[in-house]
There are 2 protein chains.
Amino acid sequence: MFSKACEYGIKATIFIAINSSENRRVSPKEISEEIDSPQAFTAKILQALVRNNIVKSVRGAYGGFEIEKDKIATTKLSQIVYAIDGDGIYKGCGLGLHTCDENHPCPVHDKFKVIRDELKHMLENTSLEQLALDIKSGVAFLKV
Amino acid sequence: MFSKACEYGIKATIFIAINSSENRRVSPKEISEEIDSPQAFTAKILQALVRNNIVKSVRGAYGGFEIEKDKIATTKLSQIVYAIDGDGIYKGCGLGLHTCDENHPCPVHDKFKVIRDELKHMLENTSLEQLALDIKSGVAFLKV
DNA sequence: TTTATTTCGGACAACTTTATCCTATTTGTA
DNA sequence: TACAAATAGGATAAAGTTGTCCGAAATAAA
Ligand code: FES
Ligand code: FES
């Protein structure tokens, strides 16, 4: 469904959000330990998230990654997915036709579109805050 | 969503179904031309479909690939996907946790499960026959 | 201003998926 | 039986994704 990079990116962003809500910056090392991901690869993904203005990085001593507090509620899952995997999952044809086109549909188009749109809707309506709360309250987990 | 191999597999199977319903066997060459896929790679995927008893192959002169007529109505999309991509798409965790477990869910579990189950339901309730009919009647297409 | 700390970014390595090529095997027909 | 036509399958290559390494650049504190 999502690429590994995207999975790591989502989990990393949630972990950063949790810590930012408590005014703590976190390092790629902490992040990769908490989300059980390869450190250097995770660092690369974090760079992409920074470039896409989803998380903020602060270099140098006492630096790390953080998310501005007001962004925790407004940032949606869809933005993270888009930043890393692009929009193929929302727009692409389920059978790999060059474009998904109502006027030239593949045989699964009608049925596939329903699910794809629902996924899109879900991603666009799920905020970082919601996800972070479930981790904080211990009802959801980022690893194992 | 699906691998390239799976996309080709689905389209190939639909094309074989159309031809089998008219008592024609088809070759990997014809198939790859009609579904716009690399021939040798498509042939490999066809082997997998044969091993999984989804299509039948007949070697030698006048051979080719076919699907027994009664199977065209009973074969479901889910069987093709399972044969090529396995069950990760039905069972796997959206964020890549080792297993998707209600008792140890990832933060997107509740929302993701709904969509994943709907996808599963769609695949399990879409028959080859339905898909083939849309191609035959010209309302859906296998390439471009 | 120097030093320690930390992210950034490029190069590269490993692995997986996609794709190609060539030969072996099977089978129908002359 | 010999031949031609067709799928099966192994070896290999190309491309994409995932993962590692290391030095450069930035920043805060001493
Ligand atoms: S054309 Fe294939 S999903 Fe729309
Ligand atoms: S645990 Fe992640 S989808 Fe169920």
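Chain naming here is simple, since letters A, B, ... match the order of the sequence lines and numbering starts at 1 in each.
On the nucleic acid side, DNA chain D has its first and last nucleotide under 4.0 Å of a heavy atom of chain B at D:dA5 to D:dA11, going 5' to 3'.
Within residues 5-22 of chain A, no residue is approached by DNA chain C to less than 4.0 Å at the level of any non-hydrogen atom. For the segment residues 83-100 of chain A, the set of residues with a heavy atom within less than 4.0 Å of an atom of DNA chain C is empty.
Every residue meeting the side chain to side chain donor-acceptor pair (under 3.5 Å) condition with B:Thr126, not counting sequence neighbours, appears here in chain and number order: A:Lys111. Evaluation of the side chain to side chain donor-acceptor pair (under 3.5 Å) rule for A:Asp36 yields no partner, not counting sequence neighbours. Listed by chain and number, the residues in a side chain to side chain donor-acceptor pair (under 3.5 Å) with B:Asn52 amount to none (sequence neighbours excluded). The ring-ring contact (aromatic ring centres under 6.0 Å, His included) search around B:Tyr8 returns B:Phe41, not counting sequence neighbours. For B:Lys29, the side chain to side chain donor-acceptor pair (under 3.5 Å) criterion is met by B:Glu33, not counting sequence neighbours.
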Under 4.0 Å protein heavy-atom contacts per nucleotide of nucleotides 20-30 of chain C, with B for base, S for backbone only and - for none: B----BBBSS-
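B:Arg25 comes within contact range of no nucleotide atom at all, as no heavy-atom separation falls under 4.0 Å.
Applying the side chain to side chain donor-acceptor pair (under 3.5 Å) test to every pair with at least one member in residues 17-26 of chain B, sequence neighbours left out, gives these pairs: B:Asn19-B:Arg24, B:Ser21-B:Lys136, B:Glu22-B:Arg24, B:Asn23-B:Lys69, B:Arg25-B:Glu66. Within the structure, ring pair (Phe, Tyr, Trp, His ring centres under 6.0 Å) pairs that include any residue of residues 101-133 of chain B comprise A:Phe141-B:His104 (at least two apart or interchain).
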Using atom types as modelled, flag every donor-acceptor pair under 3.5 Å from a side chain in residues 89-100 of chain B to any protein atom, sequence neighbours excluded.
| unit_1 | atom_1 | unit_2 | atom_2 | d |
| --- | --- | --- | --- | --- |
| B:Tyr90 | OH | B:Ser78 | O | 3.3 |
| B:Lys91 | NZ | B:Asp87 | OD2 | 3.3 |

